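Residue numbers begin at 1 in each chain, while the letters A, B, ... track the order of the sequences. None of these values were measured; they are calculated from a predicted model.
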Protein chains: 2
Amino acid sequence: MGRRILKYAILGLLSKEDMSGYDITSEFKQAIGQFWSAKHSQIYVELKKLVSEELISQYIQMAGVKLEKKMYRITPKGKKELQSWLLKIDEQLETEKDVFALRVYFLKDIPSEEVLWLFFNQLKRKSEKLSFLKEQFSLHFGEKDPINLDVEELGHYFVLTKAISREENYIIWLNKSIEIIKKRIADKSFGEN
Amino acid sequence: MGRRILKYAILGLLSKEDMSGYDITSEFKQAIGQFWSAKHSQIYVELKKLVSEELISQYIQMAGVKLEKKMYRITPKGKKELQSWLLKIDEQLETEKDVFALRVYFLKDIPSEEVLWLFFNQLKRKSEKLSFLKEQFSLHFGEKDPINLDVEELGHYFVLTKAISREENYIIWLNKSIEIIKKRIADKSFGEN
DNA sequence: ATTTAACATGTAAATAATTACATGTATAAT
DNA sequence: ATTATACATGTAATTATTTACATGTTAAAT
């Protein structure tokens with residue numbers, strides 16, 4: 001935190017095409033939302049700030065008869081700031097937070113009969129997420145070879161493959177852990193009998 | 001963020017053994033720091049809050065002649081709250097934020113001659129992190145079979161294997177992406193000549 | 001002996017982010 | 001026609017987190 005990531009996320013999205021606050025909110029439910037996300041309340045405030053900083057400009061687009069949709073467009077100044085940020089290297093790798101892993105660290109305080117259920121529950125959620133991501137992938141890329149992809153699509157391709165492999169890896173770890181837990185339970189009841 | 005994760009992270013750590021604020025800060029530089037972390041300024045404030053909530057208690061331990069180290073111990077009330085939190089399921093999976101992936105999504109705005117360097121840089125950092133984690137692992141577990149591990153150590157084992165596989169997976173993705181980028185560059189210069 | 005690094009604890013200010021409150025339009029389904 | 005859902009935008013209050021400021025002790029290295 002504290003590095004105005006949302007600012008650059010918005011500039012990056014607007015660099016591709018003009019969008020409304022609602023559109024940006026929706027983007028964070030798609031591929032890029034796997035790696036950065038914000039609520040609409042934060043987005044609308046940030047958009048106003050970016051306008052005041054002259055990094056983006058605003059115009060009205062009618063949606064229906066009465067609904068004035070506020071569209072935003074990146075300015076040359078905004079584009080420049082985005083490009084310079086994209087080349088910046090973060091001083092240190094930030095913590096990729098994961099509350100499930102935190103809970104697992106405190107395993108000894110979880111009743112042993114509940115542990116397996118917790119892992120299976122996480123497995124279910126992660127499997128669902130993986131399905132969603134794979135669907136997204138086949139929808140956008142199908143059997144396409146990334147070598148031939150337009151550079152406009154390549155970022156999306158990389159990010160989707162990253163998200164998919166992350167979930168696959170998570171699931172593998174969950175299954176391995178489940179096996180260990182099961183084996184420990186089996187060994188224990190054997191010892192007890 | 002609004003779910004007081006740090007509160008439970010501290011309770012979980014204190015559930016294992018009494019610690020000072022400094023000790024907790026140090027823990028976040030070890031294995032669990034891969035999945036949750038906080039700065040000392042936040043930790044000291046949270047500790048005082050937890051004392052006022054009677055979830056932990058404080059006592060003094062002399063370190064040297066003058067240095068009064070403030071130690072914290074979890075109370076039965078604190079233990080109870082921890083255990084109930086550990087069984088709670090998060091309503092929805094939160095975004096596992098990753099600024100590098102965000103930058104990659106905006107690839108089209110990065111000069112093509114800089115892209116490879118960015119990926120290689122990330123590869124270097126992630127490889128270093130992986131080495132650190134593997135060192136931690138062999139230090140704590142060596143060739144031990146997780147089946148025979150004490151339940152006190154099992155959480156640590158799972159978290160370390162999770163952190164290691166996450167980094168390994170990240171590195172695989174980076175290498176695959178680098179190959180694609182290289183191939184695209186080769187194809188392009190072939191076409192241009 | 002002196003310096004450096006690690007140990008140790010705090011507060012204040014600013015920023016980032018969430019949750020809750022608040023309102024209205026357009027479209028699809030029933 | 002009515003209802004539900006998606007589209008659309010905002011503010012206020014609260015909480016979480018970082019950065020900067022501030023100080024002192026202990027142990028190890030030179």
Side-chain angles (χ1 to χ4, degrees), chain A residues 1-11 18-30 33 35-53 56 58-72 90-97 99 102, chain B residues 1-11 18-30 33 35-53 56 58-72 90-97 99 102:
Chain A
M1 242 189 279
R3 293 158 296 148
R4 293 197 69 190
I5 308 296
L6 180 59
K7 165 182 169 179
Y8 298 105
I10 290 174
L11 290 178
D18 293 3
M19 284 185 187
S20 67
Y22 189 86
D23 294 334
I24 292 167
T25 307
S26 306
E27 283 294 319
F28 286 135
K29 287 162 190 156
Q30 306 300 315
F35 299 103
W36 201 265
S37 161
K39 310 284 183 196
H40 78 271
S41 53
Q42 197 188 357
I43 291 164
Y44 287 116
V45 172
E46 187 66 31
L47 281 168
K48 298 209 161 178
K49 196 171 178 185
L50 292 175
V51 169
S52 81
E53 291 173 318
I56 63 176
Q58 191 230 79
Y59 61 97
I60 300 291
Q61 197 173 75
M62 293 310 291
V65 212
K66 294 172 112 181
L67 218 181
E68 297 190 344
K69 205 172 157 178
K70 292 191 181 174
M71 298 297 288
Y72 295 91
D90 299 291
E91 335 65 48
Q92 37 178 354
L93 294 169
E94 72 252 69
T95 298
E96 288 175 61
K97 294 185 171 182
V99 175
L102 180 66
Chain B
M1 248 168 258
R3 290 160 301 149
R4 292 197 69 189
I5 309 294
L6 179 59
K7 165 182 169 179
Y8 298 104
I10 290 174
L11 290 179
D18 294 3
M19 283 185 188
S20 67
Y22 188 86
D23 294 334
I24 292 166
T25 307
S26 306
E27 282 294 318
F28 286 136
K29 287 163 190 156
Q30 305 301 314
F35 298 103
W36 201 265
S37 161
K39 309 285 184 196
H40 79 271
S41 52
Q42 196 188 358
I43 291 164
Y44 286 117
V45 171
E46 187 66 33
L47 281 168
K48 297 207 163 180
K49 195 171 178 186
L50 293 176
V51 169
S52 80
E53 291 173 316
I56 63 176
Q58 190 231 79
Y59 61 95
I60 299 292
Q61 197 175 74
M62 294 310 293
V65 212
K66 294 171 112 182
L67 218 181
E68 298 190 343
K69 207 174 155 176
K70 293 192 180 172
M71 299 298 289
Y72 295 91
D90 298 290
E91 334 65 50
Q92 37 178 356
L93 293 170
E94 73 254 70
T95 298
E96 289 175 59
K97 294 185 173 181
V99 176
L102 180 66

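The nearest heavy atom of DNA chain D to K69(A) and to V45(A) marks one nucleotide each, and the one closer to the 5' end goes with K69(A). Between V65(A) and Y44(B), the residue anchored closer to the 5' end of DNA chain C is Y44(B), taking for each the nucleotide with the nearest heavy atom. Summary of the strand contacts: S26(B) and Q58(B) both lie near DNA chain C, and taking for each the nucleotide with the nearest heavy atom, the more 5' one is attributed to S26(B).
What separates CZ of R3(A) from C1' of dT18(D) is a distance of 10 Å, to the nearest Å. Here dG10(D) presents its P atom at 11 Å from CD1 of I24(A), a figure rounded to the nearest Å. As a whole-Å value, the separation of E46(A) CD from dT18(C) P is 13 Å. Taking atom NZ on K70(A) and atom C1' on dG24(C), their separation rounds to 13 Å, with Å as the unit. Straight-line distance from the CE atom of M62(B) to the P atom of dA27(D): 11 Å, rounded to whole Å. Atom CE in M71(A) sits roughly 14 Å away from atom P in dC7(D) (whole-Å rounding). When rounded to the nearest whole Å, the span between CZ of F28(A) and P of dC7(D) equals 17 Å. Across the protein-nucleic acid pair, L6(B) atom CG and dT18(C) atom C1' stand 17 Å apart, rounded to whole Å.
With values rounded to the nearest 0.5 angstrom, K7(B) atom NZ is found 11.0 Å from I56(B) atom CD1. Here the NZ atom belonging to K48(A) is positioned 12.5 Å from the CG atom belonging to L50(A), to the nearest 0.5 angstrom. In this structure, D90(A) CG and R3(A) CZ are separated by 5.5 Å, a value rounded to the nearest 0.5 Å.
Nearest nucleotide to the side chain of A63(B), out of dT25(C), dA8(C), dG10(C): dA8(C). Of all nucleotides listed (dT11(C), dA17(C), dA8(C)), dA8(C) comes nearest to the side chain of L67(B). Closest to the side chain of Y72(A), out of dT17(D), dG10(D), dG10(C), is dG10(D). Here the nucleotide nearest the side chain of H40(B), chosen from dT9(C), dT25(D), dA8(C), is dT9(C).
Residue contacts shown for S41(A) include a base, since a base heavy atom lies under 4.0 Å away. As judged by a 4.0 angstrom heavy-atom cut-off over every strand, K48(A) is placed among residues touching the sugar-phosphate backbone only.
Distances shorter than 4.0 Å separate none of the side-chain N or O atoms of K39(A) from OP1 or OP2 on dA16(C). Q42(B) has a side-chain polar atom (N or O) that falls below the 4.0 Å cut-off from OP1 or OP2 of dT17(D). Side-chain N/O atoms of Y22(B) include one lying less than 4.0 angstrom from OP1 or OP2 on dC7(C). Taking only side-chain nitrogens and oxygens, S20(B) comes nearer than 4.0 Å to OP1 or OP2 of dT9(C). At the phosphate of dT17(D), OP1 or OP2 sits under 4.0 Å from a side-chain N or O atom of K97(A).
Side-chain contact, D23(A) with S20(A): a donor N or O sits under 3.5 Å from an acceptor N or O.
You'll find the side chain of W36(B) reaches within 4.5 Å of the side chain of V99(A), heavy atoms only.
Residues I24(B) and L47(B) come closest through the heavy atom pair CD1-CD2, 4.0 Å.
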